[in-house]
S.K.: 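Have a look at the structure that comes next, please.
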There are 2 protein chains.
Amino acid sequence: MADAEYVNIWMRPERPARGPKPAYSRAQITEAAIRIADAEGVEAATMRRIAAEIGAGAMSLYRYVPSRDNLVELMADRLMGEIDVTGMPSGDWRADLTRYADEWRAMWLRHPWIAGVQRSLPSFGPNQLLLIERLMGVLDAFVPIDENLGLMAMLNGYVEGSVREEISSAGEFRRSGLSESEWMARSGAYIDQLVKSGDYPMFTKIVTEARQPHLSRDEQFRHGLGRVLDCIAAALPAHREGL
Amino acid sequence: MADAEYVNIWMRPERPARGPKPAYSRAQITEAAIRIADAEGVEAATMRRIAAEIGAGAMSLYRYVPSRDNLVELMADRLMGEIDVTGMPSGDWRADLTRYADEWRAMWLRHPWIAGVQRSLPSFGPNQLLLIERLMGVLDAFVPIDENLGLMAMLNGYVEGSVREEISSAGEFRRSGLSESEWMARSGAYIDQLVKSGDYPMFTKIVTEARQPHLSRDEQFRHGLGRVLDCIAAALPAHREGL
DNA sequence: CGCAACCGCGTACAACGTACCCAGTGGAGG
DNA sequence: CCTCCACTGGGTACGTTGTACGCGGTTGCG
């Protein structure tokens, strides 16, 4: 009960004031964990593996991080920091949201394992908070805060949906050690079977028609994003023609 | 390699044809696992615990389910089945999408642990497929399939964002055995500190203004949903005024 | 100069998913 | 009818995980 306020990782100071100089750091540990997760999937980033990566003993990590769950929170927030939102809001909301969406997509493609670490409870690390500040600022002048939240949720839904699909079809095979051929044998045959059965016309349409081969992934993403931003524009009173 | 096609859980038959009558079933096991997850969180649904719930030995489950990961896929798809989409598309797309959103939200509130089991690779179980068929059918007459996908992703983003926030503030304390008071001490004090610091005006605005106490959760959700459907309406050519 | 507070970390343990093996069983072939 | 064997449920055991605990050494403050 004495350090009840330290239950939250973001309130707990990295190190106590007294004592010898520490050999490692939270940032260093987080970095090593992300490196492993990028290369072998997030489940490969075990405490022992991370410790080995930085040349430490497994239990040494617990001098810096209370638990593995908390370390994953640190990793996720570190990734949020890769989304560059400097200079937002710039005044051009469409440019701001486009840049944000592009940055987010690029980050997810660099670290596809982030798709599997969402927690039911939100975390609010410093990078996440900065993102909220900048992003909510973009439309703050146009709509009340609750509508702003709804619009950002819509935007996030589009970006996340697109990138998830992209990750799974481009092949995030690292997860659970699946090789590309194994994944094709597994998912490809199943999808073929569904399509051939004729019972799932919409699913078939998605699989066969939604991917336009003459457009690059980037272009397809940008095109869909344009439609989403049109939707948002329609919801901004200052930009709506009639009414 | 002989049963390479059985790598996918949805292609693997539940039981071989020959032999004695089985004592349990996939459905029964899935149901028991969901019951435990509802009561104690998804991490409490271990193989031994599930087996005990139905009065079986731990290893017996593996006669029905290849792995725990696959069992979680079964659980997730079973939950998709709780979203009632019979009669869709009805012709009234706004009513259809409203019902879908309500059903989804209700399901998530019944089983909040679903927020933590998203996989990077999609699963496409029978209930999920049915959902895709009905839901994509709603706007199929109005927009091409890729725009339809984008619009549904936006809708999903709004619903998921709302419900996630609702879950965490209404208190999904079961996860990792947090009690309500522990969660308040952890998150409440942290949020208070962020607000009092004055460094996060947007975050503060969200926390203090976005929740309107005179409206019920249902009403707030419905209100925001209305705005999202307005956005979608603006994207449907047949419903657009100008152009 | 002492000494308490810190360090890194080796050992140990409980809990997990699950491979392997066993004795029992009931439906198909004779 | 009997025989057989593919199947059953499940006990035991193994490797891996997160992490509690305690050790001997180090360091900066009084």
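Since we're looking at a predicted model, the values are computed, not measured. Both backbone and side-chain heavy atoms feed into the values below; hydrogens, waters and symmetry mates do not. Residue numbers start from 1 in every chain, and the chains themselves are labelled A, B, ... in the order their sequence lines are given, proteins ahead of strands.
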S.K.: Among dG18(D), dG17(C), dG10(D), find the nucleotide with the atom closest to the side chain of Met59(B).
M.R.: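 Between dG18(D), dG17(C), dG10(D), the one nearest the side chain of Met59(B) would be dG10(D).
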S.K.: Closer than 3.5 angstrom, by distance alone: can the side chain of Arg68(A) be matched with the main-chain N or O of Ala45(A) as a donor-acceptor pair?
M.R.: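 A pair under 3.5 Å: yes.
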S.K.: Picking from dG10(D), dT19(D), dG8(C), which would you name as closest to the side chain of Ala56(B)?
M.R.: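 Nearest to the side chain of Ala56(B) among the choices is dG10(D).
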S.K.: Distance alone, cut at 3.5 Å: any donor-acceptor contact between the side chains of Ser67(A) and Asp69(A)?
M.R.: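 Looking only at side-chain atoms, Asp69(A) and Ser67(A) do not form any donor-acceptor pair under 3.5 Å.
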S.K.: From the set dG17(C), dC9(C), dG10(D), return the single nucleotide nearest to any side-chain atom of Thr46(B).
M.R.: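 Output: dG17(C).
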S.K.: Whole angstroms only, please: what is the CG-P distance between Asn70(A) and dT19(D)?
M.R.: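 It is 9 Å, rounded to the nearest whole Å.
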S.K.: Does dG10(D) have OP1 or OP2 under 4.0 Å away from a side-chain N or O of Tyr64(B)?
M.R.: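 No.
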S.K.: Roughly, in whole Å, what's the span from CE in Met47(B) to P in dA14(C)?
M.R.: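 To the nearest whole Å, that distance equals 23 Å.
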S.K.: Taking NZ from Lys21(A) and C1' from dT27(D), how many angstroms apart are they, rounded to a whole number?
M.R.: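 Between C1' of dT27(D) and NZ of Lys21(A): 11 Å.
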S.K.: Any side-chain to backbone donor/acceptor pair from Arg49(B) onto Glu43(B)? Under 3.5 Å, distance only.
M.R.: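 Not a single qualifying donor-acceptor pair exists.
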S.K.: Taking the nucleotide of DNA chain C with the nearest heavy atom to each, does Leu61(A) or Arg48(A) sit closer to the 5' end?
M.R.: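 The residue whose closest nucleotide sits nearer the 5' end is Leu61(A).
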S.K.: I need the OH-C1' distance between Tyr24(B) and dC7(D), as an integer number of Å.
M.R.: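 For the pair Tyr24(B) OH and dC7(D) C1', the rounded distance is 16 Å.
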S.K.: What's the CZ-P distance between Arg49(B) and dC16(C), to the nearest Å?
M.R.: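 After rounding, the gap between these two atoms is 10 Å.
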S.K.: Whole Å only: how far is the CD atom of Glu43(B) from the P atom of dA14(C)?
M.R.: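 Computing the Glu43(B):CD to dA14(C):P distance gives 21 Å.
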S.K.: Map Ala45(B) and Arg63(A) onto DNA chain C by nearest heavy atom, then report which one ends up closer to the 5' terminus.
M.R.: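 Taking each residue's closest nucleotide, the earlier one in sequence belongs to Arg63(A).
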S.K.: Taking atom C1' of dC6(C) as reference, at what distance in whole Å does atom CD of Glu14(A) sit?
M.R.: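 Computing the Glu14(A):CD to dC6(C):C1' distance gives 15 Å.
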S.K.: Given 3.5 Å as the limit, does a donor-acceptor pair link the side chain of Tyr64(A) with the main chain of Tyr24(A), or not?
M.R.: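 Yes, Tyr64(A) side chain to Tyr24(A) backbone: donor-acceptor pair under 3.5 Å.
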S.K.: Within less than 4.0 Å of OP1 or OP2 of dC9(C), is there a side-chain N or O belonging to Tyr62(A)?
M.R.: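 Checking Tyr62(A) against dC9(C): no side-chain N or O falls below 4.0 Å of OP1 or OP2.
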S.K.: Over all heavy atoms of both residues, which pair between Leu225(A) and Tyr158(A) is shortest? Give the atoms and the distance, please.
M.R.: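 Scanning both residues completely, I find the closest heavy atoms to be N-OH, 3.2 Å.
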